[in-house]
Amino acid sequence: MELRLYDTLSREKRAFTPLDPTLVRMYVCGPTVYDFAHIGNARPVIVFDVLFRLLRHLYGAEHVKYVRNITDVDDKINDRAARDYPGLPLNEAIRKVTEQTERQFHDDVDALGCLRPTVEPRATEHIDEMRAIIEKLIAGGFAYVEQDHVLFSPGAMNAANGGLPRYGTLANRSLDEMIAGARVDVAPYKRDATDFVLWKPSKPGEPSWPSPGGISTPGRPGWHIECSAMSWKHLGERFDIHGGGIDLVFPHHENEVAQSCCAFHTPRMAETWMHNGFLQVEGEKMSKSLGNFVTIRELLATDKFGGRSWPGAVLRLTMLKTHYRSPIDWTAQALQESLDNIASWNDAVTPHGLDEAGSYPPPDEVIAPLADDLNFSRAIAEMHQWAKAARAGDYLAAKKLAGAADFLGLQRVAWDQAVQSCAADAEIDDASRAKFDALVAARAAARASKNWAESDRIRDELAALGVVLKDGKDADGKPVTTWEIAR
RNA sequence: GGCCACGUGGCGGAGUGGUUACGCGCCGGUCUGCAAAACCGUUUACUCGGGUUCGAUUCCCGACGUGGCCUCCA
C-alpha cells in the first residue's frame, strides 16, 4: 500500500519512499523537561505515535527507528530549578527537575497509549556531537566566534554556492524579509540581525561544558543545535521524516536545516517535514493568563476540565478525531462525545468475547485512510460501521473494530474500566447500592403482579435519586433490570 | 507590517469538479404495561462577491472572519 504524506517543505502531499526501506528513520522534537506537559504537547506525541505504528506496519517493526529527544538543558529548566530547590547547588537542582519531569512525561504519554520511541536521547548526553557540528560549521565559514559566543550566519549559508538549501526555504520566507521584519533582537555579538546562537557562555553555577571554537570559558548550547546533533547521532546526516508542532517550523526547524546541511554539505536534512496543527481550548488560545491552561495530568487525574477526570483513551480518541494538520478545539463536549463513543464500542465488542489483552490485526479499511496522510477521521468512521455490525451480531466486524482500536492505540483493555469509572457510580457506597438493589427488587415484584402504579412509583423514586433503570430480558426471556447513575 | 493556514448542516468533523461521509443531537418508528436502553429510519451543509466550466462546496481572484509564525512556545 502506498503511503502518502504532506511535506511542509514542498507544500504538497507526496508518495513516501524511504531512503532505506530496511531502516525507515523518523525524528520528532520532544519535550523540554521543566514542568508537566500540557495537552497541546500531547498532540505531536500522539500524532507521530500513530505514524510510528503505521510505518512499523508497512515496513516491519524491526525496520523503523523513531527518535524523540528530551531537552534537558534550557534556561527555563535553570529558572525552575533555582525556584524549586533554592538550597541546592544549581546543577543538582537541575537534575532533580529534569529527572522528575521526565518521569511525569513518561507516565502521561504511557496513559495516552503511546509506544516508546526507539531512542529517547537527552541533549546533555550529546554535547560532544554538538561541539563537533559547531566545529564543522566554523571550519566551513558558516559560523563565527564573537565574545565567547558561536553564531551561525544564514547570510554566509546563502552566499555559499552549490549543494545547500537556501536559508528560509522551509519557512517560506527570504532573508531580506526577515531583516525587514526587524523584530529580531540585535545583540552586540551578532554581526547580522538574523544570525543565531549555536553556543553561549555559561554564568557561574549554570550547567557548562568545554566550549568549541577555541573559546576558553565554558559554555552551553543554543536552542537549535541539540536536534541537529541528536538526529545526526541516531539517524545519520539525512533521514526520512522530521516532525513537530507547526510553531517549530520557524525558527527551530529552519535553523536545524541550516546547521545540519551546512555541517554535512547535504541538500536536505529530512526528506519529509511534517507538522501538526495547534490546539485551542474552548475556542481560545491556551495560556496561563487566560486561565485555560490544562496539563495532561490534570485531564487524567483531576476534575479541573469539564468537571471530571478523563481516561487516556478518551483523550487520545478526541485527538484523533481531527486531522493532524488542522487546528483542534479542545472542549469538554468533545471529550464527553469521545467517552460516549468508547462506551458504545465497548458495548458492541463485549458480547463477542474477544481477547481483551490480545491484539487483533488492523483491517485494511483502516490502514488505507491512515496511509493517505494520516486520515484519522475516515479510519474512525470505519470503526463506527463495524460497531454497528458487531451490535447486530457480526463477529468479524467486532474483530475488525478491535483490530482498528488496537492499532490506533486506543487501549481496548481499559475500555470497560474507563466506561465504569466515568459512569459516575464508581463512588456509590455499599449502603446506597443495597438500597437501590432493594428498590429494584421491589419493583420487579410489583411488575410481576402487574401493579404498574407501584412499579412506576418506585422508578420515579429511583429517578429522584439520580438512578436510571434499564429493563431487559435474560437468555431465558425472564425480565432483568439493571440500573446506573444518570450522568 | 510581512508570511502562512483555515472558514462544511444544531454541534464536532471527513471528502469531492456532477452520486451516502461519519459521530453526537433533534424528530419519527420498532421493542416495552408505560418508559429508559437498544435497534431502524428521516432531516438540515459547504462564509460572501466575482471568474473559469455544460456544471463548483471542490479550481482561480477578491472581500470578510478565525487562527498561527515573524529568535528559544507543540
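A note on names: the letters A, B, ... follow the listed sequences, proteins ahead of strands, and every chain is numbered from 1.
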Quiz item: Roughly how far apart, to the nearest Å, are B:rG15 and B:rC22 at atom C1'?
Solution: 11 Å
Exercise. Tell me which of A:Asn341 and A:Gly222 sits closer to the 5' end of RNA chain B, going by the nucleotide each one is nearest to.
Key: A:Asn341
Exercise. Provide the distance between the two C1' atoms, one in B:rU53 and one in B:rC39, to the nearest whole Å.
Key: 46 Å
Self-check item: Rounded P spacing from B:rG18 to B:rG25 in Å
Solution: 32 Å
Practice problem: Using the P atom as the reference point in each nucleotide, state the distance between B:rU57 and B:rU66 in Å, no decimals. | Solution: 25 Å
Quiz item: Given the P atoms of B:rG28 and B:rA63, what is the spacing between them in whole Å?
Solution: 47 Å
Self-check item: 5' priority, RNA chain B, between A:Ala392 and A:Thr322 [closest heavy atom]
Solution: A:Thr322
Quiz item: Does the ring of A:Phe278 lie flat against the base of B:rG67, closer than 5.5 Å centre to centre with planes under 30°?
Solution: no
Self-check item: Distance-minimising heavy-atom pair for A:Phe305 and A:Ala332
Solution: CE2-N, 3.5 Å
Practice problem: Between B:rG65 and B:rC59, how far apart are the C1' atoms? Round to whole Å, please. | Solution: 22 Å
Self-check item: Side chain A:Arg173 and base B:rC4 donor-acceptor under 3.5 Å
Solution: no
Quiz prompt | Pairing partner (Watson-Crick or G-U wobble, both distances under 3.5 angstrom) of B:rU47 | solution = B:rA63
Exercise. Would you kindly check whether a donor in the side chain of A:Ser377 faces an acceptor in the base of B:rG15, or vice versa, at under 3.5 angstrom?
Key: no
